[in-house]
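To find a chain, count down the sequence lines: A is the first, B the second, and so on, and within it residues start at 1.
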Protein chains: 2
Amino acid sequence: MENNTFVLSEKEIPTHWYNILPDLPEPLPPELHPGTKEPTILPPPLFSAAINDQEFSPENWIEIPDEVRDAYRLWRPTTLYRAYRLEKLLDTPARIYYKYEGSSPPGSHKPNTAVAQAYYGKKQGVKRLATETGAGQWGSSLAFACMLFGLECKVYMVNVSYHQKPYRRIMMETWGAQCIPSPSPDTDFGQKMLAEDPKSPGSLGIAISEAIEDAFKRDDTLYSIGSVANHVLLHQTVIGQEARKQMEMAGVYPDIIVGCVGGGSNFAGMFLPFVKDKIEGTKPDLRIICAEPTSCPTLTKGPYTWDFGDVAGMAPILKMYTLGHGFIPPPVHAGGLRYHGMAPIVCHLYKLGLVEARAVPQLATFEAGVTFARTEGIISAPETNHAIRVTIDEALKCRQSGEAKTILLAHSGHGHFDMAAYDSYLSGKLQDYDYPEAKVKEALASLPEVP
Amino acid sequence: MENNTFVLSEKEIPTHWYNILPDLPEPLPPELHPGTKEPTILPPPLFSAAINDQEFSPENWIEIPDEVRDAYRLWRPTTLYRAYRLEKLLDTPARIYYKYEGSSPPGSHKPNTAVAQAYYGKKQGVKRLATETGAGQWGSSLAFACMLFGLECKVYMVNVSYHQKPYRRIMMETWGAQCIPSPSPDTDFGQKMLAEDPKSPGSLGIAISEAIEDAFKRDDTLYSIGSVANHVLLHQTVIGQEARKQMEMAGVYPDIIVGCVGGGSNFAGMFLPFVKDKIEGTKPDLRIICAEPTSCPTLTKGPYTWDFGDVAGMAPILKMYTLGHGFIPPPVHAGGLRYHGMAPIVCHLYKLGLVEARAVPQLATFEAGVTFARTEGIISAPETNHAIRVTIDEALKCRQSGEAKTILLAHSGHGHFDMAAYDSYLSGKLQDYDYPEAKVKEALASLPEVP
């Protein structure tokens, strides 16, 4: 039997995060202050000094503190698998590998950055971190990370998700965090929203605003963010660094790397340590494909322009592909992909032609997810199913062409808290959503004016 | 930093299962036919020939078929962790290691035997396996295994659980199995039960009877069982064999091994490859502690006698510690520990003084589980929390005595589908149950008469 799994020892957990910024062929556009519209970095009262330094660091390699590596040992290095059973079912000459981040206690890649942010918060001497969460992946990861470093954690969870998905909330509480439905009476902004609509379903935009207000108002509290920002992508590069080593163990180099993108941090964590080779010209044929939902097709349909990172217009203005910060995507189950914009680093690389993008519809992603579950066993998160769809499509192209391409799939996490979505798919109730062109047009009419 | 994780490569997946039977200091009592009460082995129409042979095999080592090892590679070898963070919190000189079986796709140790049973069924040429499940751990594991070997799978799930815990049912369906509430109209026995009470909540006893009837009636179908039987414990010995190697990597041998016992297969899978040393006298001081619920204290309160393996009296009569096959335990969340009897091998070793037992109350187990989650990160199954409770208690004794004992914990699985139980605990609603002495007395009055 050929090898199915490629495992690293804990000594092989990366010692440094890889920072792509100095390696970019053209410099990344700056971030602009939402009020003054002047170039800025992350507002200092919100983030720790170390995180601030990392956001636009000129260093190629940033040392991972021992305490963070120690935390990583609870689930890293993660395993790289060869998907023999999937290959066989597809009857494809393609070789499919997947790097599985679902073995972390919260079940996804998110803690890779959560533990770093909690560590730097602790080091700066604060007592609490505040954040927002939609379906709960990020909130539970930050709850887990704060627990490891003895910090309090307050999570503002979108009201409708808080009630629809109680298990993620209970997970946060099990790790000792406080999780409340947003809008909440705990902030001025939340009170205002509740006064307007006491039964407000909430939104990620409102929850972000509450978490930022919480952190602004309290000296003992920092804000924490789960994707999009440069430092978040930086922390996620442990994925791609490990994957490189594991692909070497397997004696292969990928022809195609596939991942799903919402804010972009999971997939960037995988491909940034590889895209370097493409920039340097040693692997000109490497293809990197971002999978996104047809209902929220940021890269494939949005313009590349300046827009607010958040819905309320309190976060920095970023140069990115965007559907407009006021755009509210259809309620697909892949909550983590329902973001109007995209990490500026991913957008920049897309603009430069170094990565591609492909939009896939919801039903097709669940079909792919069930195929994956029925071959490889793992029941994947709805977000991940987008990447699995594209992986399967590429493998099927290989069947047609007869090419034995090597495909590397960034598998971001399991779907144990998304079984209701599978039920909906299996019982034929799941639906596709058309691209909401009119809504996007409307949202794009309200972009910030940048001089 | 000392090592936190001990990982094996897939080449180190055991090549043989370890069969304790020839090594026992006294022979294991036989199994008796439920009707004739004569010594028997598993009724042939129910199980495959290979499984039948394994039940009382005289061989010490039974080769694991390549196809089964190939399936094991999807999640084995599992990781052994050193619980540094837990040790630190407890301020104990004890060294705590845990072997984590929750990384299998269904989330527990159960697939170790499920894939073997599915493989032998396939090899025998049947088309389907039928089984029962309570909370769904076993049913989902068999669904997963049947999927891997291209078998149909029918799971009779206790009606009340079917409706209370839909996520496990959806998991089975995602893997292609059919799962229906029991009692069901699909069997004569189920129809009879429904005629008596159309709203019957069902019971494991009823579900077993339906699955057995299903397998009896159809030539293309075998029955499959998730614990108690000798062959199930045999298949689980991959856990202990791997753990031995990993403890050697860590340079230690356990002073104490702890696990939870319902039917006994998970913990026996861990300790059988170690108890050998105690039988042979090379490790006379090794302690092996079975953790069970105070509400269902089979080993600590039950007599050692002959009793039916199932509630309905259709399964073989086994020599075991039992609370009476008619005993229905209080509704603790650790559904997998709500069994009136115990694997005959575990009972035999307990009788011989080779293993110990300790009963722990529900609230204390959740307190231990939350402590574990807040140090090691993993949110454990309610069953596993029983073993964690005993582990913590032993580590605290070490703090008092100053002894640096090495404790090995058999961690049977995660609690991702048990978050409602954590919610109940964290919100102060969870309760303890007294030992139901009167009910046990009543059940023990109806033991089968064995000549």
Notebook entry, point to check: Is it the side chain or the backbone of Arg374(A) that comes within 4.5 Å of chain B heavy atoms, both, or neither?
Noted result: both
Item checked: Side-chain touch Glu67(A)/Phe149(A), heavy atoms, less than 4.5 angstrom -> yes
Notebook entry, point to check: Is the Tyr81(A)-Tyr97(A) ring centre distance short of 6.0 angstrom?
Noted result: no
Margin query: Please report whether the ring centroid of Trp75(B) lies less than 6.0 Å from that of Phe144(B).
Written below: yes
Check: With respect to chain B, which residue among Val370(A), Val7(A), Thr174(A), Leu426(A) yields the maximal number of heavy-atom pairs within a distance under 4.5 Å?
Finding: Thr174(A)
Next item on the list: Tell me whether the centres of the aromatic rings in Tyr167(B) and His416(B) are closer together than 6.0 Å.
Entry: no
Check: Taking the six-membered ring for Trp, are Phe372(A) and His411(A) ring centroids under 6.0 Å apart?
Finding: yes
Next item on the list: Examine the side chains of Asn3(A) and Arg73(B) and answer whether a donor and an acceptor come within less than 3.5 Å of each other.
Entry: no
Next item on the list: Please state whether the side chain, the backbone, both or neither of Phe417(B) comes within less than 4.5 Å of a heavy atom of chain A.
Entry: side chain
Item checked: Part of Phe6(A) lying under 4.5 Å from any heavy atom of chain B -> neither
Next item on the list: Against chain A, label Thr375(B) side chain, backbone, both or neither, depending on which of its atoms sit under 4.5 Å from a heavy atom there.
Entry: backbone
Notebook entry, point to check: Is there side-chain contact between Leu430(B) and Gln362(B), with at least one heavy-atom pair below 4.5 Å?
Noted result: yes
Check: In terms of heavy-atom pairs under 4.5 Å, which option from Ala420(A), Gly369(A), Gly377(A) contacts chain B the most?
Finding: Gly377(A)
Notebook entry, point to check: Side chain, backbone, both or neither: which part of Ser103(A) has a heavy atom under 4.5 Å from chain B?
Noted result: neither
Next item on the list: Please look at Arg169(A) and chain B and tell me whether the side chain, the backbone, both or neither of the residue comes under 4.5 angstrom of a heavy atom of that chain.
Entry: side chain
Checklist line | Interface residue of largest heavy-atom contact number with chain A, from Leu74(B), Thr79(B), Ile378(B), under 4.5 Å | finding: Leu74(B)
Item checked: Structural part of Ala143(A) lying under 4.5 Å from a heavy atom of chain B -> neither
Note to self: Is Leu148(A) in contact with chain B via its backbone, its side chain, both, or neither, using a 4.5 Å heavy-atom distance?
What the structure shows: both
Note to self: One pair to check against salt bridge (Lys or Arg N to Asp or Glu O under 4.0 Å): Glu242(A) and Arg76(A). What are the steps and the verdict?
What the structure shows: CA-CA 9 Å; Glu242(A) 289 178 8; Arg76(A) 305 209 72 84; 2.9 Å; yes
